[in-house]
Amino acid sequence: MLGKTANGLYWMFRYLERAENTSRLVETGERIALTRLGATDSEWRSVLQTAGSIEAFDEKHETTTKEAAIDWLLRSPDNPSSVLSAIKAARQNARLVRTALTHEVWEATNSAYIDAKTVLARAVPARDLPQVLGAIRQKTALVRGATHGTMLRNDIYDFARIGTFLERADNTARILDVKYYVLLPSVMSVGSSIDNMQWETILRSVSARGGFRMSYGSTLHPRDIAQFLILDGRMPRSLGFCVSKIRGNLDYLAKNYDIHPPSCENVARIEQDFLNMDIDAIFRFGLHEFIQKILGHFSALGAQIEIDFRFSE
Amino acid sequence: MNDTSTFDEMWGRDDVLRRPYRNFNAWFDVEDPKRLRAKQREAEELFRLTGITFNVYGRAEAEERLIPFDIIPRIIAGQEWQRLCRGIEQRVRAINAFLHDIYHGQEIIKAGRIPIEMIANNEAFLPQMMGVDPPGGIYTHIVGIDLVRTGDDQFYVLEDNARTPSGVSYMLENRETMLRMFPELFSQNRVQPVQSYPTDLRRSLAACAPSKAGGSPTVAVLTPGIYNSAYYEHAFLADQMGVELVEGHDLQIVDGRVAMRTTQGYKPIDVIYRRIDDDFLDPLNFNPESQLGVPGIMDVYRSGGITIANAPGTGIADDKAIYSYMPEIVEFYTGERPLLENVPTWRCSDKDSLAYVLDNLADLVVKEVHGSGGYGMLIGPTSSKRELSEFRQKLIARPGNYIAQPTLALSTVPIFSRAGLAPRHVDLRPYVLVSPEGIRITPGGLTRVALKKGSLVVNSSQGGGTKDTWVLED
């Protein structure tokens with residue numbers, strides 16, 4: 001496989017994942033605004049921060065309004081992580097690696113792009129938001145489904161999966177990075193309604209309310225939430241789950257190519273140093289520092305993968 | 001159809017249904033126009049979803065557009081096709097022999113059949129190719145011969161495409177779409193298949209590999225990238241052939257071979273089907289500014305380390321000025337009369353011809369010698385007085401830059417319009433594969449159709465569309 005193709009696959013699936021994550025953040029932000037529990041503007045600012053684009057947003061906007069934030073996250077061409085930009089970039093990468101994709105995956109991607117371009121052609125009114133976001137996620141889910149159902153399990157698939165899970169791990173870590181303080185142990189054993197709202201927001205932004213309830217019942221406790229999002233091996237957006245998937249696919253590649261690339265070391269170190277402890281140890285270490293450190297390691301892992309597999313010259 | 005000067009391929013000149021269209025017409029007669037209109041929309045949806053688009057040049061942001069597709073097939077009888085094939089094969093053989101001669105002994109010039117200026121002053125001539133022997137002796141591995149029809153038995157070659165003829169993906173996708181939408185038509189008509197083209201192309205390219213390549217040569221398609229107008233086709237062909245689609249920056253010369261950067265290191269390539277122009281191929285040997293090519297690829301080529309398809313320098317054979325010499329070229333190399341006719345052509349570099357062209361500008365088609373895609377041409381009969389006088393100035397200023405031809409009464413084929421079937425002018429580009437194993441012509445080719453009533457310009461860049469082209473088994 002061409003190094004360029006590996007690069008294209010990796011980014012195609014990173015961008016697809018990013019489109020979904022951003023759309024989920026918008027949905028969560030809108031939900032908080034409706035419950036009127038938090039100070040709305042500051043909530044939108046924390047959403048923008050989680051999306052990693054608050055500086056760029058501030059450069060273009062004097063104040064933070066709900067409308068401006070939503071438009072920035074959904075459609076802005078100035079925001080490379082907006083849902084529309086991300087889907088566009090995913091599709092552009094798909095064109096680049098067209099020969100590595102099945103017909104079904106390409107058509108699903110192209111169709112997601114055509115639809116997104118149409119429904120996001122102009123600002124989305126609040127009342128259409130749920131339907132528009134739902135339609136977009138359905139389309140990106142179709143790409144995922146087609147990938148799962150039609151692609152050979154070879155190096156092509158490995159790079160697609162590595163892109164997906166690195167983006168996802170990064171996204172979950174960034175949510176925790178912005179919201180870590182609400183998860184810190186507090187003197188009060190029962191959270192206030194504001195705490196509850198914050199905790200629920202975190203779970204919503206990783207589509208984890210149902211899964212959490214199944215595992216822990218209906219009482220939200222910050223320690224459990226942290227455990228669930230960082231270490232739980234069943235939760236498909238937890239850091240532990242994502243990293244184990246990346247390791248799996250890197251191992252396949254290493255075996256397939258008969259090499260032992262440095263990126264395999266990177267991922268082993270992340271598992272060893274960060275994901276091999278229990279949640280109390282993480283709190284003792286310092287939740288914020290933990291998240292900051294692991295984010296740095298994710299980014300180094302991504303860079304090492306690009307070198308190991310000759311993504312560019 | 002009532003216009004007696006135009007030959008319609010379905011109704012002839014006298015409104016009598018022609019034989020190849022019999023079955024089709026019987027089907028069409030009982031079809032509900034509403035269903036067909038829905039099918040026409042469905043076809044467009046399919047094309048959009050598959051992403052069969054082309055990028056329009058000269059726009060700020062590369063914009064992707066669909067080429068309009070018309071659901072009415074163009075139908076050619078098997079016998080008609082066989083006759084055409086003989087002519088095409090003869091012409092393609094002559095083109096290859098001509099290229100070999102031009103880059104070796106130049107016998108045709110010594111014999112006085114072509115003036116030396118035609119070669120010496122021609123930008124398409126590459127002195128770097130003198131004395132080079134391409135693997136297998138093949139210069140033009142993939143050729144598109146543009147044909148027009150003016151009557152039952154009258155075909156003319158409008159243009160030879162010996163560099164990198166495009167459009168073959170439309171030929172294939174058009175058929176795919178018709179099969180999906182109107183399967184019944186293919187059980188009622190025995191249509192010769194085109195689907196083996198990608199396999200044939202790969203086999204043909206592999207057969208042209210350098211002798212040291214061994215049993216299973218590595219083939220790759222070289223594209224300028226996703227912003228190129230024909231990128232879809234490049235990806236399509238690579239995909240269908242099962243070979244890598246590379247760009248210049250994926251390639252490097254490693255140990256005297258052209259190699260592509262893979263996830264596991266550099267891997268040598270034996271045959272490169274390049275879809276970039278000569279000028280961009282190698283910044284060390286041609287345009288030093290080129291970012292699209294591979295520095296040093298020409299040196300590997302000259303040492304016999306790689307096959308480049310088509311060979312560099314083939315443009316000398318499809319130049320519009322050379323075109324006017326094609327009858328001489330065919331005779332010189334095959335010793336036979338040309339089976340396919342050339343359109344009579346005035347070379348404006350010639351003083352008497354220029355005078356004639358200037359006197360009859362309103363009746364002629366004038367083309368730039370190096371132009372393509374329908375840009376920079378004048379169609380006398382449909383031009384305004386002002387356009388004519390502007391063009392006259394250009395002609396006087398640079399006569400050598402132009403050729404002129406009579407306006408042919410191009411045949412028409414029906415399209416499906418709102419008012420039912422309506423005749424529109426068409427041309428045809430059959431695709432020809434050349435290898436040491438022989439010459440293979442895919443039955444049919446790409447039919448381009450001028451969708452505007454009366455228009456003679458079929459280029460997609462100028463609002464033309466395409467049709468599925470059927471060659472029937474007799």
Side-chain angles (χ1 to χ4, degrees), chain A residues 1-10 12 77 88-89 91-115 117-118 139 142 146 152 154-156 158-159 162 250 252-254 256-259 261 263 305-313, chain B residues 44-55 61-64 66 169 173 176 180 198 218-228 230-252 254 259-267 269 291 294-295:
Chain A
M1 185 202 299
L2 293 178
K4 175 189 68 188
T5 307
N7 182 50
L9 285 160
Y10 171 86
M12 172 187 169
K88 227 180 201 166
R91 192 250 190 186
Q92 195 73 307
N93 277 291
R95 284 188 78 206
L96 202 65
V97 301
R98 176 64 190 84
T99 56
L101 304 174
T102 59
H103 215 82
E104 284 88 342
V105 173
W106 160 249
E107 283 194 5
T109 311
N110 198 31
S111 161
Y113 164 73
I114 291 169
D115 279 15
K117 212 172 57 166
T118 313
K139 282 301 186 142
L142 206 59
L152 276 186
N154 58 7
D155 47 355
I156 294 175
D158 291 327
F159 287 111
I162 290 170
L250 273 176
Y252 285 132
L253 279 175
N256 197 352
Y257 290 174
D258 198 18
I259 50 169
S263 47
I305 289 170
E306 298 196 13
I307 295 167
D308 289 352
F309 298 100
R310 301 172 177 82
F311 280 12
S312 54
E313 281 162 273
Chain B
E44 271 156 38
E45 252 338 282
L46 273 175
F47 278 96
R48 202 175 294 279
L49 193 60
T50 325
I52 312 176
T53 55
F54 72 102
N55 302 339
E61 200 183 339
E63 187 189 339
E64 294 168 39
L66 289 182
S169 58
E173 291 286 14
E176 225 28 69
R180 202 157 142 178
T218 303
V219 178
V221 178
L222 175 61
T223 173
I226 56 173
Y227 297 108
N228 183 266
Y231 177 77
Y232 171 80
E233 177 157 303
H234 307 160
F236 177 89
L237 289 174
D239 185 34
Q240 298 278 310
M241 284 195 284
V243 304
E244 293 290 0
L245 176 66
V246 298
E247 293 174 42
H249 59 80
D250 297 316
L251 303 179
Q252 204 171 297
V254 180
M260 54 186 171
R261 193 185 69 251
T262 76
T263 50
Q264 301 177 76
Y266 279 90
K267 184 184 174 206
I269 297 174
Q291 305 277 318
V294 189

Next item on the list: With a 4.5 angstrom heavy-atom cut-off, could you sort out which part of B/E247 is near chain A: side chain, backbone, both or neither?
Entry: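 For B/E247, backbone and side chain are both near chain A.
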As an exercise, state the distance from [atom1] of [X] to [atom2] of [Y], rounded to the nearest 0.5 Å.
X	Y	atom1	atom2	value
A/R98	B/I226	CZ	CD1	14.0 Å
A/R95	B/Y227	CZ	OH	8.5 Å
A/E107	B/L46	CD	CG	7.5 Å
A/R310	B/T263	CZ	OG1	7.5 Å

Taking all non-hydrogen atoms of both residues into account, name the closest pair between [X] and [Y] and its distance.
X	Y	value
A/T99	B/A235	CG2-O, 3.5 Å
A/N110	B/R48	ND2-O, 2.9 Å
B/R261	A/K4	NH2-N, 3.8 Å
A/T5	B/E244	OG1-OE1, 4.3 Å

Item checked: Student check: side-chain heavy atoms of A/N256 and B/Q264 closer than 4.5 Å ->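 No. Closest side-chain heavy atoms not under 4.5 Å.
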Notebook entry, point to check: If you draw a 6.0 Å radius around CD in B/Q291, do more than 12 non-hydrogen atoms from other residues or ligands fall strictly inside?
Noted result: no
Checklist line | salt bridge (charged side-chain N to carboxylate O under 4.0 Å, His left out) involving A/D158 - partner list, sequence neighbours excluded | finding: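 A/D158 satisfies salt bridge (charged side-chain N to carboxylate O under 4.0 Å, His left out) with no other residue.
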Quick one: what part of [X] sits under 4.5 Å from any heavy atom of chain B, side chain, backbone, both or neither?
X	result
A/F159	side chain
A/L2	both
A/N7	neither

Checklist line | Residue list, ring-ring contact (aromatic ring centres under 6.0 Å, His included) with B/F47, at least two apart or on another chain | finding: B/F69
Checklist line | Most chain B-contacting option - heavy-atom pairs closer than 4.5 Å, from A/F311, A/Y257, A/F309 | finding: A/Y257
Next item on the list: Among the options B/A238, B/G265, B/G242, pick out the one with the most heavy-atom pairs lying under 4.5 Å from chain A.
Entry: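 Ranked by contacts with chain A, first place is B/G265.
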